[in-house]
Amino acid sequence: MEKRSKHYGDVAKWVESVIDSCVTIEQVWSARELVRNFRIQLDWSEYKGRYRWDIIHPLEDKVKVMIDKLSRRVR
């Protein structure tokens with residue numbers, strides 16, 4: 001079984017790859033929930049929100065861009 005890193009940087013890269021792989025708006029909504037859960041996990045960890053602007057904010061922006069991109073495709 002593959003050992004997965006729990007380091008916040010590795011998790012952020014994984015979440016970013018999930019966002020990049022989205023091809024439907026429903027997948028982006030799920031990715032948005034993944035970002036939300038990651039933010040909560042960071043808030044409860046030893047980091048206590050210190051990295052919110054460095055890690056979570058760019059992921060949230062990436063989700064917004066993907067939603068906009070896929071929404072334009074549907075119209």
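Any value given below was found using the heavy atoms of this structure, including those in side chains, with hydrogens, waters and symmetry copies removed.
Here the straight-line distance linking atom CD1 of Ile19 with atom CG of Asp61 works out to 10.0 Å at 0.5 Å rounding. Going from atom CZ of Phe38 over to atom CD of Glu60 covers 11.0 Å, rounded to the nearest 0.5 Å. Here Ile67 contributes atom CD1 and Lys62 contributes atom NZ; the two are 13.0 Å apart, rounded to the nearest 0.5 Å. Annotation: the span from Met66 atom CE to Ser21 atom OG amounts to 8.0 Å, rounded to 0.5 Å. Within the model, atoms CD of Glu26 and CG of Leu70 stand 9.5 Å from one another, a figure rounded to the nearest 0.5 Å. For the atom pair CD1 of Ile56 and CD1 of Ile40, the computed distance is 10.0 Å after rounding to the nearest 0.5 Å.
Residues Trp29 and Leu59 are members of one and the same hydrophobic cluster, defined by side-chain heavy-atom contacts under 4.5 angstrom among Ile, Leu, Val, Met, Phe, Trp and Tyr.
The pair Arg36-Glu33 meets the salt-bridge criterion, since a charged nitrogen lies less than 4.0 angstrom from a carboxylate oxygen.
The closest donor-acceptor contact from the side chain of Gln27 to the backbone of Val23 lies under 3.5 Å.
Between Leu34 and Val18 the shortest side-chain heavy-atom distance falls below 4.5 Å.
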> Between Asp68 and Lys64, does a salt bridge (charged side-chain N to carboxylate O under 4.0 Å, His left out) hold up when you go through it step by step?
Replying inline: CA-CA 6 Å; Asp68 186 49; Lys64 289 175 187 174; over 6 Å; no
